[in-house]
There are 2 protein chains.
Amino acid sequence: MPVSERVAALETRRPKRADAARNFDALVAAGRAAFAEQGSAASLDDIARRAGVGIGTLYRNFPTRDDLIETLYLGEVDALADAADEVAELEPWAALRAWLDRFVAYVGTKHALLDGLNRESTVLGECRAIMLSAGEPLLVRAQAAGEVASDVTIGDVVKLVSGVAAVAYEDAAQRDRVLNLAINAIRL
Amino acid sequence: MPVSERVAALETRRPKRADAARNFDALVAAGRAAFAEQGSAASLDDIARRAGVGIGTLYRNFPTRDDLIETLYLGEVDALADAADEVAELEPWAALRAWLDRFVAYVGTKHALLDGLNRESTVLGECRAIMLSAGEPLLVRAQAAGEVASDVTIGDVVKLVSGVAAVAYEDAAQRDRVLNLAINAIRL
DNA sequence: CCTCCGAACGGAGAGTGCCTCCGTTTAGAG
DNA sequence: CTCTAAACGGAGGCACTCTCCGTTCGGAGG
């Protein structure tokens, strides 16, 4: 099943009545903005206010805080899966490396994604799986080209890189140094 | 200045009047227990209750939530600094590796420590510095023995390892695989 | 041993956030 | 245009953080 379909299958949340769909979209937009600004501590009351709907409406669409986060997360996973296609024409190692860099950059701005990566949840698990299957061909190709150890899995690589990407560094130079260290660790 | 003194210098919080000192200790013990059980979401009300003191007393000793966390953190840093001495007699690489393993194990159980590692704060900054100077000799020795690349700093190593230690893994095997990957990344 | 005062105590209450419940409104099918 | 099921939204209950201040008590001085 292609990625787009797998993502669509998870998007069953969006209601069909015109007003409800409008509110759903407003909530997602407000949620995205709030989490970007205030990190994972964003207040749901505040998100409802920004979206111009009552708190009740927020909770009807997203019964728990995690439900909302899951929906936001879905969009980000989607973007990451697209990135895997975009780098497909590069040389094997360069392609994998470029995707991982993209992953790191993405994770840096959207910190909520990282929290999600470690969280327990059916939807989030499926998201993780979607992302891993987007990256896997890149890893396999690099392994086939003899550039990466054959005993690492895409799951290992993502855990490694996401762990390193989550840390707060002194400065950009240290960040790059450590990130290089980590990514080169899988290289033969 | 030896580690014990640097730690002591940060312990100026503890009050001197008998009842106050008793309460301070009770709060620290309760805090340690609560954070161990419930993670970083532990409630301060609950901690005060466990310690058998009023919430007011908690706040007098620790004006903010972070003040309490800092104090708990201090004890953990202390333990890690001791660990560096304990492994000093091993071979250069083995000693560094053993200390990092200890670090990872510690961080695994006391998750609050990791949050602290990334947080902005004077006291926490000093704690970090204490921990780094405890680990540095081990790294330098391994570098002198030609076992570790000479251009990595102890700061880099700790960031790398703590990032990787913070991730939630599928199982212990994956955790070990990725951890090995990361630690061997600095090896020559 | 007693007095006394400033340090320490502790809990009521204000502020804020999460989430539920239910009376009111409204989209859109017939 | 009517009518009903779906959607709305905010008041209110509960939990937690933090402040404020009247009450208690440790321990120094007599």
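Everything numeric here is computed off the predicted structure, so don't read it as measured data. Chain identifiers are assigned alphabetically (A, B, ...) following the order of the sequence lines, protein sequences preceding nucleic acid strands; residue numbering begins at 1 within each chain. Values below: every heavy atom of this structure, side chains too, minus hydrogens, waters and symmetry copies.
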*Taking it one step at a time, do B:Arg97 and B:Asn180 satisfy side-chain hydrogen bond (donor to acceptor under 3.5 Å, both in side chains)?*
CA-CA 10 Å; B:Arg97 171 79 213 216; B:Asn180 271 317; 2.8 Å; yes

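- Using a 4.0 Å heavy-atom criterion, one finds that A:Ile55 contacts the bases of the nucleic acid, with or without backbone contacts as well.
- Counting to the nearest Å, the P atom of C:dG15 and the CG atom of B:Leu44 are 20 Å from each other.
- Distance check: A:Gln143 CD to A:Leu138 CG gives 11.0 Å after rounding to the nearest 0.5 Å.
- Counting only distance, with no hydrogens or angles, the side chain of B:Asp67 and the backbone of B:Thr64 share a donor-acceptor pair below 3.5 Å.
- As rounded to whole Å, 6 Å separates atom P of D:dC8 from atom CG of A:Asn61.
- Among the nucleotides C:dC19, C:dA8, D:dT19, the one closest to any side-chain atom of B:Lys16 is C:dA8.
- Across all strands shown, B:Arg60 has heavy atoms under 4.0 Å from base atoms, whether or not it also approaches the sugar-phosphate.
- The separation between A:Leu68 atom CG and C:dC19 atom C1' is 14 Å, rounded to whole Å.
- Mapping B:Pro63 and B:Arg49 onto DNA chain D via the closest heavy atom, the residue that lands nearer the 5' end is B:Arg49.
- Side-chain N/O atoms of B:Thr57 include none lying less than 4.0 angstrom from OP1 or OP2 on C:dA8.
- Distance, B:Ile47 CD1 to D:dC18 P: 11 Å, rounded to whole Å.
- Summarising the geometry, the separation between CG on B:Leu58 and C1' on C:dA8 is reported as 14 Å, rounded to the nearest angstrom.
- Atoms CG and CD1, from A:Leu96 and A:Ile183 in turn, are 8.0 Å apart once rounded to the nearest 0.5 Å.
- Following rounding to the nearest Å, B:Asp66 (CG) and D:dC18 (C1') show an atom-to-atom distance of 14 Å.
- Ranking D:dA7, D:dG26, D:dG9 by closeness to the B:Arg17 side chain, first place goes to D:dG26.
- Spacing between atom OH of B:Tyr59 and atom C1' of D:dC21 amounts to 17 Å, rounded to whole angstrom units.
- For B:Asp19, whose side chain is taken as the heavy atoms from C-beta onward, the closest listed nucleotide among C:dG28, C:dC18, D:dG26 is D:dG26.
- Residues B:Leu188 and B:Gly146 share a closest heavy-atom pair of CD1-O, 3.5 Å.
- Using a 4.0 Å heavy-atom criterion, one finds that A:Asp45 contacts the bases of the nucleic acid, with or without backbone contacts as well.
- Within 4.0 Å of B:Ser43, counting heavy atoms only, lie sugar-phosphate atoms of the nucleic acid but no base atom.
- Within residues 20-40 of chain A, the residues having any heavy atom closer than 4.0 Å to DNA chain D are, in order of number, A:Ala20, A:Asn23.
- Between A:Arg65 and B:Gly52, the residue whose closest nucleotide on DNA chain C is further toward the 5' end is B:Gly52.
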*Starting from the C-alpha separation in whole Å, work towards a yes-or-no answer on side chain to side chain contact (heavy atoms under 4.5 Å, CB included) for B:Thr153 and A:Arg177.*
CA-CA 10 Å; B:Thr153 68; A:Arg177 238 174 17 246; 4.3 Å; yes

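- Atom CD of A:Gln38 is surrounded by more than 12 heavy atoms from other residues, nucleotides or ligands within 6.0 Å.
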